[in-house]
2 protein chains.
Amino acid sequence: MSDRGTGQTHTSGESLLFLTDDQLRRGIEAMFFAYRGFTADPDRILQQYAYGRAHHRAIHFIKRSPGNTVNNLLDILGVTKQSLNRVLRALIADGLVESRVGKQDRRERHLYLTETGQELEKELSEAQRGRMRAAYRDAGPEAVAGFRQVLEQIMDPEMRRHFQTFKEGS
Amino acid sequence: MSDRGTGQTHTSGESLLFLTDDQLRRGIEAMFFAYRGFTADPDRILQQYAYGRAHHRAIHFIKRSPGNTVNNLLDILGVTKQSLNRVLRALIADGLVESRVGKQDRRERHLYLTETGQELEKELSEAQRGRMRAAYRDAGPEAVAGFRQVLEQIMDPEMRRHFQTFKEGS
DNA sequence: CAGTTTATGTCAGCCTTGTTGACTTTCCAA
DNA sequence: TTGGAAAGTCAACAAGGCTGACATAAACTG
């Protein structure tokens with residue numbers, strides 16, 4: 001099983017063994033298991049506040065670019081406005097997010113974290129960064145560069161747009 | 001924001017700029033966007049069969065180690081037996097998975113893909129591998145090694161056990 | 001052999017988070 | 001002034017998590 005021709009061949013004398021189906025399968029499983037770990041710590045925290053991952057995602061991207069419109073957030077998160085709205089309504093009602101009417105275009109709502117929202121964001125992101133920091137440290141800077149490179153290639157091109165690519169130098 | 005002390009320091013003269021909160025944030029977002037791409041192709045296929053990601057995961061791990069018991073699968077997938085059972089029931093009813101009573105221990109059920117199950121598995125994994133292969137090829141073997149290293153560090157230790165580590169050499 | 005533990009399955013009910021469809025309000029712009 | 005975009009809301013539904021309770025069969029243990 002899984003030793004179909006693809007990837008077993010060689011081109012231009014370079015070994016392409018890292019492209020075998022079995023290597024790809026390992027990569028796939030690594031993504032699966034790692035993503036579980038990646039979300040585990042924030043999930044535990046969110047439970048205490050009766051929130052879910054959807055709330056975390058909204059909080060994260062509002063923190064990243066405060067004043068973002070709902071439409072923009074919808075595009076980034078890739079969910080329907082009804083789905084996002086339910087989450088935002090809860091966060092606004094609980095005083096974690098503030099929705100301000102746009103000044104140029106008063107149809108738009110610009111989203112900001114309140115003080116309380118900042119606090120939860122910090123708690124969540126510190127937990128998540130803690131794990132990432134440990135992983136980065138153990139793997140080293142070169143591995144991290146490869147990690148980021150591969151992840152960026154896995155993304156849909158439209159998502160790569162939202163992902164502010166790390167430009168090195170300086 | 002996000003320029004707290006951690007990671008900005010230097011130890012033993014080595015630059016630890018890759019551990020800044022901002023770099024970590026980028027890694028976190030990369031995981032988020034990449035995971036979306038990672039599941040996008042199989043998701044599209046599954047929709048045609050009225051299955052979901054949960055079915056894909058079960059199919060994947062039954063394919064990976066045929067004859068696995070339900071308990072083992074539960075451990076790998078990290079869901080409740082009720083949740084897995086719902087999925088397995090559908091797959092068995094649809095003739096994609098076969099459940100055989102254990103020979104040593106007749107309480108156990110050993111799971112196998114049927115011919116039809118193999119076919120769907122192939123369709124799903126070829127789609128998913130296609131994206132991974134392209135990403136791997138574009139990033140190159142060294143980036144892939146780093147990618148795998150970091151992912152393995154992100155996992156929970158218990159999950160690392162299930163993840164058959166790639167041992168290089170020959 | 002009796003009692004306990006283990007593996008599995010199943011029913012019922014709940015929650016989160018995604019979906020679609022329909023409809024309203026606001027308001028910009030042609 | 002009218003069309004359409006942006007945003008919000010209501011309703012209904014589905015997938016796939018969860019807990020709790022319970023049933024069965026098999027294996028294990030004293």
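The analysis underlying the following values was restricted to heavy atoms, covering all of them including side chains, and did not include hydrogens, waters or symmetry mates. Numbers restart at 1 for each chain; the letters A, B, ... are given by sequence-line order, proteins then strands.
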Without decimals, in angstroms, what is the distance between [X] [atom1] and [N] [atom2]?
| X | N | atom1 | atom2 | answer |
| --- | --- | --- | --- | --- |
| Asp43(B) | dT19(C) | CG | P | 11 Å |
| Gln104(A) | dC27(C) | CD | C1' | 14 Å |
| Leu84(A) | dT19(C) | CG | P | 10 Å |

>> Going by the rule side-chain contact (heavy atoms from CB on, under 4.5 Å), which residues pair with Ala127(A) if we only count those two or more places apart in sequence or in a different chain?
In response: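 Partners of Ala127(A) under the side-chain contact (heavy atoms from CB on, under 4.5 Å) test: Asp41(A), Ile45(A).
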> Quick one: do Asp22(A) and Arg26(A) make a salt bridge, cutoff under 4.0 Å?
Replying inline: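 Here Asp22(A) pairs with Arg26(A) in a salt bridge, since their nearest N and O are under 4.0 Å apart.
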> Do you know which of Leu91(B), Asn72(B), Asn68(B), Val97(B) makes side-chain contact (heavy atoms from CB on, under 4.5 Å) with Leu111(B)?
Replying inline: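 Testing Leu111(B) for a side-chain contact (heavy atoms from CB on, under 4.5 Å) against Leu91(B), Asn72(B), Asn68(B), Val97(B) leaves exactly one candidate, Val97(B).
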> Mind checking whether Arg36(B) and Asp156(A) have side chains closer than 4.5 Å, heavy atoms only?
Replying inline: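 No, too far: nothing below the 4.5 Å cut-off.
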Whether the side chain of [X] engages the backbone of [Y] through a donor-acceptor N/O pair (distance < 3.5 Å, no angle test) should be reported.
| X | Y | result |
| --- | --- | --- |
| Arg131(A) | Ile154(B) | yes |
| Arg109(A) | Gly102(A) | no |
| Thr114(A) | Leu96(A) | yes |

> What pairs of residues pass the salt bridge (charged side-chain N to carboxylate O under 4.0 Å, His left out) test when at least one of them lies in residues 87-103 of chain B, not counting sequence neighbours?
Replying inline: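 For residues 87-103 of chain B, and leaving out neighbouring residues, the salt bridge (charged side-chain N to carboxylate O under 4.0 Å, His left out) pairs sorted by first residue read Glu98(B)-Arg100(B).
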> What residues in residues 47-55 of chain B put a non-hydrogen atom under 4.0 Å from any atom of DNA chain D?
Replying inline: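 Here the set is Gly52(B), Arg53(B), Ala54(B), His55(B).
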> Out of curiosity, Lys122(B) NZ to Leu124(B) CG, how far, rounded to the nearest 0.5 Å?
Replying inline: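 The NZ atom of Lys122(B) sits 12.5 Å away from the CG atom of Leu124(B).
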Atom pairs and distances, side-chain donor-acceptor, residues 53-61 of chain B, under 3.5 Å, sequence neighbours left out:
from     : atom 1 : to       : atom 2 : distance (Å)
Arg53(B) : NE     : Asp43(B) : OD1    : 3.3
Arg53(B) : NE     : Asp43(B) : OD2    : 3.2
Arg53(B) : NH2    : Thr39(B) : OG1    : 3.2
Arg53(B) : NH2    : Asp43(B) : OD2    : 2.9
His55(B) : ND1    : Gly52(B) : N      : 2.9
His60(B) : NE2    : Glu29(A) : OE2    : 2.7

>> Is the phosphate of dT19(C) approached by Thr80(A) (side-chain N or O, under 4.0 Å from OP1 or OP2)?
In response: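 Yes.
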>> Please encode protein proximity along nucleotides 4-12 of chain C as a string of B, S and -, counting only heavy-atom distances under 4.0 Å.
In response: --BSBBBB-
> If you walk 5' to 3' along DNA chain D, what is the first nucleotide with an atom under 4.0 Å of a heavy atom in chain A, and what is the last?
Replying inline: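 Nucleotide range with atoms under 4.0 Å of chain A: dG4(D) to dC10(D).
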